[in-house]
Amino acid sequence: MSQRRKQFPFDTFEPRWQQHWEEEKTFSVPNPGEEGFDADKPKYYALDMFPYPSGSGLHVGHPEGYTATDIICRYKKMNGHQVLHPMGWDAFGLPAEQHAIKTGEHPRVNTENNINNFRRQLKSLGFAYDWEREVATTDPEYVKWTQWIFLQLYHSYCCEETGQARPISELEEKGLSREEIDEKRLAFVADTPVNWSPDLGTVLANEEVEEWKSKGHTVERRPLRQWMLRITAFAQRLIDDLDDLDWPEGIKMLQRNWIGRSDGAEVQFKIGDDEVTVFTTRPDTLFGATYMVLAPEHPLVEKIVTADQKAAAEEYIKSCSTKSDLERTELAKDKTGVDTGAKAINPVNGEEIPVWIADYVMMGYGTGAIMAVPAHDDRDYEFAEKFDIPIIEVVQAPEGNEDKCFTGQGTAVNSDFLDGLSTADAKEKIIAWLEEKSLGKRTINYKLRDWLFSRQRYWGEPFPIVWRDGHHYGIDESELPLLAPELDDYKPTGNPEPTLAKAAEWVELDDGSIRETNTMPQWAGSCWYYARYCDARNSEAFISKEAEAYWLGANGNPGGVDLYIGGTEHAVLHLLYARFWHKVLFDLGHLSTPEPFHKLVNQGLIMGEDGQKMSKSRGNVVNPDEVVEQYGADSLRLYEMFMGPLEQVKPWSMKGVEGVYRFLGRVWRLVYEADQEGEWQLRSQLTDGEPDAATNKVVHATIKKVGEDINSLAFNTAISQMMVCSNELGKLEQLPVSSVVSLLQVLNPFAPHITEELYSALQGAYSDLPKSDLANQDWPEYVEDYLVEDEIELVVQVNGKVRDKIKVAADASKDECEELAKASEKVQGHIDGLTVRKVIVVPGRLVNIVAN
RNA sequence: GCCGAUGUGGUGGAAUUGGUAGACACAACGGACUUAAAAUCCGUUGGCCUUUUGGCCGUGCGGGUUCAAGUCCCGCCGUCGGUACCA
């Protein structure tokens, strides 16, 4: 291929246009108050999920979403919007740190190299980013505001009445003690069992465990003192506010499931003199509780276990604690447990039931204790079967249901005063009864855990916290950013002591206080980058009021970012964390919308040519650099969009790239032809005459369809329409320049280099053409009149089968259509000898003659 | 197991949301140009039958609704993601 003559000299003009855009600042957009800002223009904010700048550089999956937003942004600009289209780097991350451990080089060096490579690659694709707003989460200026936001969390609590974040000072005014206040902070310290990975040298969030384990790292549970963020206080708002977002339903569902609200009740059971509270979503089945289960880690176990069961229980608890998570899930099918010998009293009927310990009950959810109703819960049923515990039916299944263990809604039986009630009514009644007797209360539980926010790594934002006399204090804003010191050796300490603890002179302050040595997780920087882009160089605030109001302003939508495109892998974590931070900043008055992202679109994964996921080990990774070298950036962009619907998973095909490359070649040759010497010169068919009706029709149909398709993100069909258009134009003996220009205008957002190049060539020869670049021109308007046809093709069916196609006047009446259809010879042949029962006429479409 | 996507030619995918299935590409085949090739241009291309005209079948499978179903309803099957004892 490289030896073959290129169909058009993309290798010379693509870099030239890229340079032109950079020099002219074509895609830089001013902020309120800056020169060139037009307050009357509507804004459009399209955001790409920013990449982690890995050492291997961009692969062809990255530019899929980036091209989509680029097309939309260029289109919106042509339609009179001020467009915010930024790019940056999620630059903290473990690979750079591991590189530092190996080489002793500061991770910043490696990170900067990778960023430079990514930036070069992105620029080579001609994206219309405003590079003046570029951010990297590792920049000291960025770290400063990440730490500032952490301090906002640290200095806030969630008001129970309003559910909103409020300043801690309100609690101080109410006279709460230091300890009481520390327990309410949105950023707080807790001793919790955490996921510690010895080979990574850090703890992981619950959400991260699976990912790292699948990469072969070991993760174990250990109790450690950690910083947590109180995301659970926002659980309900994080569920409720999903409703008004324009997100794929599947993603909303993932988030709802992750937060995992369940409605039920807490019920108190007596065990001797002690009380155990259980959580259940089915209080209506209380009469069917035949045993109780405590999690092995439950604090009461030790106290209640009877002497003769003590040995067995201790052994069981020990075996549970040494089981890895993996073993626990793999053994999930087989229930295990030990009877404690203790008896609990069922509060509804005073009956004694045995108390077991079993690892199918988790300490981390609800109260760590359950009442077991084997007749109506699959897990309890399985357990009861295995250990021969009685099963009492208390819910009658609807007619026809023969499940051995019925878990659905039915009618209460064997339940005293609940008998005959529907499941819903029984729940209400029993809850009222429990509350009246002070034996329990209505309770809502969430699966969502507080966010474990500290890591023991080096390459992350240090906490802006110091310790003095066993208390933590936020450092003063004026001391931000607090940067990590250089180290001689970046190796983890090998125990849960953070790497930063090695830097004694950094940790120990003159006044005797000690710096917090944990660092923040990678999620921190990505939680708020969309806001920083709006005012990326502001050193006074993380975002100015004015920039916030314009770029993230309400606009009638709950979210300020108009369009956010990225992969599904961030469906839960990143998007949930960012929404949480956003709500806190919203409550504190720093942001004016309750949500960050109004419309979310997930681009589908691009697979290798072999249909497998792209990976180094499979050797099927496609590097965009090669594609750009062989076919040019426009071809890559166009192919990424032509492959299929944006949200679908689809395999890469170099042949497909060649296809769109050939299309661009045909567009090139609409304008240029090669002379004897092989030099490009304007094509002789070009004319400044008026297009004929057929040409106008296809051109204006293309303008219309491409505009509509961009709005609905259906880029593949927009491209196919432009192919149709160029095929038609290519056939003309006399090719009107105006028609070519229209095609170039609508193709410009997709293939900006070649279209600008051809347009500037036409400008040279046709002085009537506007002097500005296509990028700065208005989107062309289509003329509806050109699209209407005098005569249309009418399909004629007999009994639903197509038998003929006839030409009729576009405005033919129903009766006329019917008559013409019946007059068709072919139709005659099919209805001959039959009686016409009915004729359906869909004007402009078809006639269906029903006959038998 | 549960949840969510998805299933259309040899391939990627179209189809105004009930109205001509296969647009646009890729691949393949044939032709033009060329000493030859590449590139380009022009044709053919869902399957089966038919010399043509034409006919029959066809959107994972089986039913249903309708004048009309890729599209709507019911029941299955396959593939790909996510999730996993959450009481």
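From a predicted model like this one, the values you see are computed outputs, not experimental measurements. Residue numbers start from 1 in every chain, and the chains themselves are labelled A, B, ... in the order their sequence lines are given, proteins ahead of strands.
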Self-check item: Nearest to side-chain heavy atoms of R662(A), which nucleotide of A87(B), A27(B), A25(B)
Solution: A27(B)
Self-check item: Test item: V276(A) and M292(A) side chains (from C-beta on) under 4.5 Å apart, heavy atoms
Solution: yes
Quiz item: Contact class for D378(A) (heavy atom, under 4.0 Å): base, sugar-phosphate, or nothing?
Solution: nothing
Quiz item: Base, sugar-phosphate, or nothing for Q721(A), non-hydrogen atoms under 4.0 angstrom?
Solution: nothing
Quiz item: Using a cut-off of less than 4.0 Å, is there contact between a side-chain N or O of T717(A) and OP1 or OP2 of A23(B)?
Solution: no
Quiz item: Mind checking the P distance from A27(B) to A38(B)? Whole angstroms is fine.
Solution: 13 Å
Self-check item: Length of the line joining M643(A):CE and C24(B):P, which is rounded to integer Å
Solution: 21 Å
Exercise. Please measure how far the P atom in A69(B) lies from the corresponding atom in U59(B), and state the result in whole Å.
Key: 11 Å
Practice problem: Quickly work out the M253(A) CE to C3(B) C1' distance and round it to whole Å. | Solution: 8 Å
Practice problem: Applying ring pair (Phe, Tyr, Trp, His ring centres under 6.0 Å), name anything that partners F387(A), two or more places apart in sequence or on another chain. | Solution: W356(A), F383(A)
Quiz prompt | Listed once per pair and sorted, the side chain to side chain donor-acceptor pair (under 3.5 Å) pairs that draw on residues 635-646 of chain A, sequence neighbours left out | solution = D70(A)-R637(A)
Quiz item: Once you round it to whole Å, what is the distance between C1' of U16(B) and CG of L846(A)?
Solution: 13 Å
Quiz item: Do any side-chain nitrogens or oxygens of Q7(A) fall under 4.0 Å of OP1 or OP2 in U40(B)?
Solution: yes
Quiz item: C1' atom, A36(B) versus C24(B): distance in rounded Å?
Solution: 33 Å
Quiz item: Looking across every strand, which nucleic acid part, if any, lies under 4.0 Å from D380(A) by heavy atom: base, sugar-phosphate, or nothing?
Solution: nothing
Self-check item: Residue closer to the 5' end of RNA chain B, E793(A) versus P651(A) (nearest nucleotide)
Solution: P651(A)
Pairwise N/O distances under 3.5 Å, protein to nucleotides 52-56 of chain B:
unit_1	atom_1	unit_2	atom_2	d
G55(B)	OP1	R803(A)	NH1	3.4
G55(B)	OP1	H830(A)	NE2	3.2
C56(B)	OP1	R803(A)	NH2	3.4
C56(B)	OP2	R803(A)	NH1	3.3

Quiz item: Quick one: side chain to side chain donor-acceptor pair (under 3.5 Å) pairs with a partner in residues 706-717 of chain A, sequence neighbours left out?
Solution: Y75(A)-N711(A), K705(A)-D709(A), D709(A)-T717(A)
Quiz item: What nucleic acid atoms does V842(A) come within less than 4.0 Å of, heavy atoms only: base, sugar-phosphate, or nothing?
Solution: base
Quiz prompt | Gap between atoms CD and P, on E382(A) and A87(B) respectively (whole Å) | solution = 16 Å
Quiz prompt | Whole-angstrom distance between U71(B) and U16(B), as gauged at atom C1' | solution = 12 Å
Quiz item: Does the side chain of H570(A) reach to within under 4.5 Å of the side chain of M49(A), using non-hydrogen atoms?
Solution: yes
Exercise. Would you mind classifying the nucleic acid contact of R666(A) as base, sugar-phosphate or nothing, using non-hydrogen atoms under 4.0 angstrom?
Key: sugar-phosphate
Quiz prompt | Pairwise P distance for G82(B) and C73(B), with rounding to whole Å | solution = 28 Å
Quiz prompt | Separation of atom CG in L664(A) from atom P in A25(B), rounded to whole Å | solution = 12 Å
Quiz item: Taking NE2 from H570(A) and P from G81(B), how many angstroms apart are they, rounded to a whole number?
Solution: 18 Å
Quiz item: Less than 6.0 Å separating the ring centroids of Y365(A) and Y446(A)?
Solution: no
Quiz item: Can you find a heavy atom in the side chain of P651(A) that is under 4.5 Å from one in the side chain of E609(A)?
Solution: no
Quiz item: For the pair made of CD in E708(A) and P in A14(B), what is the distance, rounded to whole Å?
Solution: 17 Å
Quiz item: Nearest of C85(B), A23(B), A25(B) to any side-chain atom of F642(A)?
Solution: A25(B)
Exercise. Please check if atom NZ in K697(A) has more than 12 non-hydrogen atoms from other residues, nucleotides or ligands closer than 6.0 Å.
Key: no
Quiz item: So what does T280(A) touch, heavy atoms closer than 4.0 Å: a base, only the sugar-phosphate, or nothing?
Solution: sugar-phosphate
Quiz item: Which part of the nucleic acid, if any, lies within reach of K447(A) when heavy atoms closer than 4.0 Å are counted: base, sugar-phosphate only, or nothing?
Solution: base
Quiz item: Taking OP1 and OP2 of A87(B), is either one under 4.0 Å from a side-chain nitrogen or oxygen of N445(A)?
Solution: no
Practice problem: Look at all strands and tell whether F663(A) reaches a base, only sugar-phosphate, or nothing, counting heavy atoms closer than 4.0 Å. | Solution: nothing
Quiz prompt | 5'-most by nearest nucleotide on RNA chain B - I719(A) or A369(A) | solution = I719(A)
Pull out every protein N or O sitting under 3.5 Å from an N or O of nucleotides 65-69 of chain B, one pair per line with the distance.
unit_1	atom_1	unit_2	atom_2	d
C67(B)	O2'	N848(A)	ND2	3.3
C67(B)	O2	N848(A)	ND2	2.6

Quiz item: Between E64(A) and K650(A), is there a side-chain N and carboxylate O pair less than 4.0 Å apart?
Solution: yes
Quiz prompt | C1' gap between U8(B) and G60(B), integer Å | solution = 10 Å
Exercise. State which residues pass ring pair (Phe, Tyr, Trp, His ring centres under 6.0 Å) with H298(A); sequence neighbours excluded, sorted by chain then number.
Key: none
Quiz item: Heavy atoms under 4.0 Å, any strand shown: does G260(A) hit a base, just sugar-phosphate, or nothing?
Solution: nothing
Quiz item: Contact class for L254(A) vs. all strands (heavy atom < 4.0 Å): base, sugar-phosphate, or nothing?
Solution: sugar-phosphate
Quiz item: Step by step, would you call F642(A) with F750(A) a ring-ring contact (aromatic ring centres under 6.0 Å, His included)?
Solution: CA-CA 10 Å; F642(A) 187 61; F750(A) 297 77; over 10 Å; no
Quiz item: How close or far is atom P of U20(B) from atom NZ of K807(A), stated in whole angstroms?
Solution: 16 Å
Quiz prompt | For G82(B), glycosidic torsion class - syn if within 90° of 0, otherwise anti | solution = anti
Self-check item: Short side-chain N/O contact to A25(B) OP1/OP2 from N727(A), under 4.0 Å
Solution: yes
Quiz prompt | Nearest-Å distance once atom P is located in both G19(B) and C3(B) | solution = 31 Å
Quiz item: Heavy atoms under 4.0 Å, any strand shown: does T568(A) hit a base, just sugar-phosphate, or nothing?
Solution: nothing
Quiz item: Is it true that Y786(A) and H700(A) have ring centroids separated by less than 6.0 Å?
Solution: yes
Quiz item: Is any side-chain N or O of K650(A) closer than 4.0 Å to OP1 or OP2 of G12(B)?
Solution: no
